[in-house]
Number of protein chains: 4
Amino acid sequence: MLRHIDAQNGIPIYEQIIRQVTIAVADGSITPGEHVPSVRELANRLAVNPNTVVRAYRDLQAQGVLVPVRGTGLAIAADSVSKCLEQRLSLIRQSLRSVLEEAWRNRISKAELRTLCDSELNRLTEEAL
Amino acid sequence: MLRHIDAQNGIPIYEQIIRQVTIAVADGSITPGEHVPSVRELANRLAVNPNTVVRAYRDLQAQGVLVPVRGTGLAIAADSVSKCLEQRLSLIRQSLRSVLEEAWRNRISKAELRTLCDSELNRLTEEAL
Amino acid sequence: MLRHIDAQNGIPIYEQIIRQVTIAVADGSITPGEHVPSVRELANRLAVNPNTVVRAYRDLQAQGVLVPVRGTGLAIAADSVSKCLEQRLSLIRQSLRSVLEEAWRNRISKAELRTLCDSELNRLTEEAL
Amino acid sequence: MLRHIDAQNGIPIYEQIIRQVTIAVADGSITPGEHVPSVRELANRLAVNPNTVVRAYRDLQAQGVLVPVRGTGLAIAADSVSKCLEQRLSLIRQSLRSVLEEAWRNRISKAELRTLCDSELNRLTEEAL
DNA sequence: GTGGTCTAGACCACG
DNA sequence: GTGGTCTAGACCACC
């Protein structure tokens, strides 16, 4: 986890870090109380500027996912799991909603949309992405 | 058509204009040969910077949707309808695909995704958005 | 407004900017829809690095006090006044609470605390700070 | 006494130790001449870095609250009680003052502040914090 | 012109 | 060692 960053996919690096931490908490690969890698270490590992990591970690603190432990680093907050689970789903629901609404506004029928969704869902499992 | 611009929804204004023209062509509210509003007029109507309209029209020319008519402005290209129909669908398919792939990467199961899609699709028709 | 920054009082510069904007909104000296000074202009005016202003403005966006208007700057959000009013009071209430609780833990009696509060409150108005 | 440290409340740990010693002296739970726990023992008890305890004790020596006793450790200074009593109050007075001044600068009226103080004071006794 | 992101490197307080 | 703040300067997309 916290391994791979794609600097060219348009998603800001700090955002990718935030998402990866959020997912890791949501699926239990980091548990409350554990420390996340230090700013310098992670920056090193991802070949990224420390400030970029700082920014990601700061946003995660603002969300209440990380808490500072004086002088020893940042830890996953006790109550962060549910937050992250929620957030993960609500983010996706929201993206999905806006795509579908956009399509609907563009007079794509409900039936067509359903077909589209089905074909894309099948594609996912086939490709074992 | 070509009425409403939202400067605060994250989608670039020129992109919003492009989409609206594309849709209008796709659903027949503008037909090949017709002129689009002049840069100045449209900029005025949408309360938008003329340069932004220029950029949208430029991109639409590059796509072959608009063709310059010497001295009188820009018109919808003769063969643009099919292009726009295609594009409309492919745009949506692509957005949908990226949303679903993202979710999949985040370990949301196919079943969960199908449920999500269904609930959002139902939401659309109920609200008669 | 947004005039004076004290670089040596321990409060981070970006925090001082945030507070000043919040207060300005709360007391009506900026109204919803108005633009705040541009990053570069404010940085210039306060003799501060642009990034510092960027950070303050970003936090204010996260709070929903500022909204970006594509290409033309940042504006006060429509629903920001109540937020800022609330926040202003809740911040103070919280500081006050923690000071009083600390004192209470230290066995200062309620009567002593009341006297302290009174004397300090009187001090304020006398000095016309 | 000297029991509980909160590594996540923003107050530096060495500061928390200093305050707890000061309070203990002020309210008589340690008396002049008594020894404070050794650095190692206290560090152990509080699950804290020994250097942190060293720093707290160093500051307390600088304040004249602790005096070194050759070979046997640190003891409460003979004249420290009045100092600590004073300090306890002045610390609180100062915190209170800065909170109120901040509020005043933010255009909270004296009447509002008085109400706030009253409500928070009542809260204290009710909760028997 | 606007804001957004990122890098590089400095200094600080804390443990 | 840790995170937090700030400066300086670069590049980008958008209007």
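Just so we're on the same page: letters track the sequence lines, and every chain starts at 1.
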J.: Do the side-chain N and O atoms of A:Ser98 and A:Glu101 include a donor-acceptor pair separated by under 3.5 angstrom?
T.: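 On atom types as modelled, these side chains do not qualify, holding no pair under 3.5 Å.
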J.: What is the distance, to the nearest angstrom, from the NE2 atom on C:His35 to the P atom on E:dT2?
T.: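 After rounding, the gap between these two atoms is 11 Å.
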J.: With sequence neighbours excluded, tell me which residues meet side-chain hydrogen bond (donor to acceptor under 3.5 Å, both in side chains) with D:Arg55.
T.: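 Scan of D:Arg55 (side-chain hydrogen bond (donor to acceptor under 3.5 Å, both in side chains), adjacent residues dropped) gives D:Tyr14.
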J.: To the nearest 0.5 Å, what is the distance between CG on B:Asp59 and CD1 on B:Ile18?
T.: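 If I round to the nearest 0.5 Å, the distance is 4.0 Å.
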J.: Side-chain N or O of A:Gln61 versus OP1/OP2 of F:dG3: is the shortest distance under 4.0 Å?
T.: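 No, because none of the side-chain N or O atoms of A:Gln61 sits under 4.0 Å from OP1 or OP2 of F:dG3.
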J.: So what's the dot-bracket for DNA chain E: Watson-Crick or G-U pairs under 3.5 Å, [ ] if a pair crosses, | if it pairs off-strand?
T.: ||||||||||||||.
J.: Could you state the atom-to-atom distance from OH of C:Tyr57 to C1' of E:dT5 in whole Å?
T.: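 Result: 18 Å.
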J.: Does CD in D:Glu15 sit with more than 12 non-hydrogen atoms of other residues, nucleotides or ligands closer than 6.0 Å?
T.: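 Buried by this count: over 12 neighbours within 6.0 Å.
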J.: Between A:Arg58 (CZ) and F:dG3 (C1'), how many Å, whole number?
T.: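 Computing the A:Arg58:CZ to F:dG3:C1' distance gives 12 Å.
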J.: Separation of A:Leu42 atom CG from E:dC6 atom P, in whole Å?
T.: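 Value for this atom pair: 13 Å.
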J.: Any luck finding a side-chain donor-acceptor pair between B:Glu41 and B:Ser38 under 3.5 Å?
T.: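 No pair is found: no donor N or O on one side chain lies under 3.5 Å from an acceptor on the other.
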J.: Which heavy-atom pair separates B:Pro68 from B:Leu74 by the least distance, and what is that distance?
T.: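 For B:Pro68 and B:Leu74, the tightest heavy-atom pair comes out as CA-CD2, 3.6 Å.
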J.: Can you see which heavy atom on A:Val99 is nearest to which on B:Ile92, and at what distance?
T.: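 Closest heavy-atom pair between A:Val99 and B:Ile92: CG1-O, 4.3 Å.
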J.: Rounding to a whole Å, what distance do you find between C:Asp6:CG and F:dT5:P?
T.: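 Interatomic distance, CG of C:Asp6 to P of F:dT5: 16 Å.
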J.: Can you tell me how far the CZ atom of A:Arg70 sits from the CG atom of D:Asn49, to the nearest 0.5 Å?
T.: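 The CG atom of D:Asn49 is 13.5 Å from CZ of A:Arg70, to the nearest 0.5 Å.
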J.: Testing the basics here: between A:Lys83 and A:Gln63, what is the closest heavy-atom pair and its distance to 0.1 Å?
T.: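 Closest heavy-atom pair between A:Lys83 and A:Gln63: CD-O, 3.5 Å.
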J.: Using whole Å, what does the distance between atom P of nucleotide F:dC6 and atom CD1 of C:Ile17 come to?
T.: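 Taking CD1 of C:Ile17 and P of F:dC6, I get 8 Å after rounding.
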J.: Would you kindly give the CD1-to-P distance between C:Ile5 and F:dT7, to the nearest whole Å?
T.: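 From C:Ile5 CD1 to F:dT7 P: 10 Å.
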J.: Going 5' to 3' along nucleotides 9-15 of chain E, which nucleotides have protein heavy atoms under 4.0 Å from the base (write B), which only from the sugar-phosphate (write S), and which from neither (write -)?
T.: B----SS
J.: Please state how far atom CG in C:Asn44 lies from atom C1' in E:dT2, giving the value in whole angstrom units.
T.: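 In whole Å, E:dT2 C1' lies 15 Å from C:Asn44 CG.
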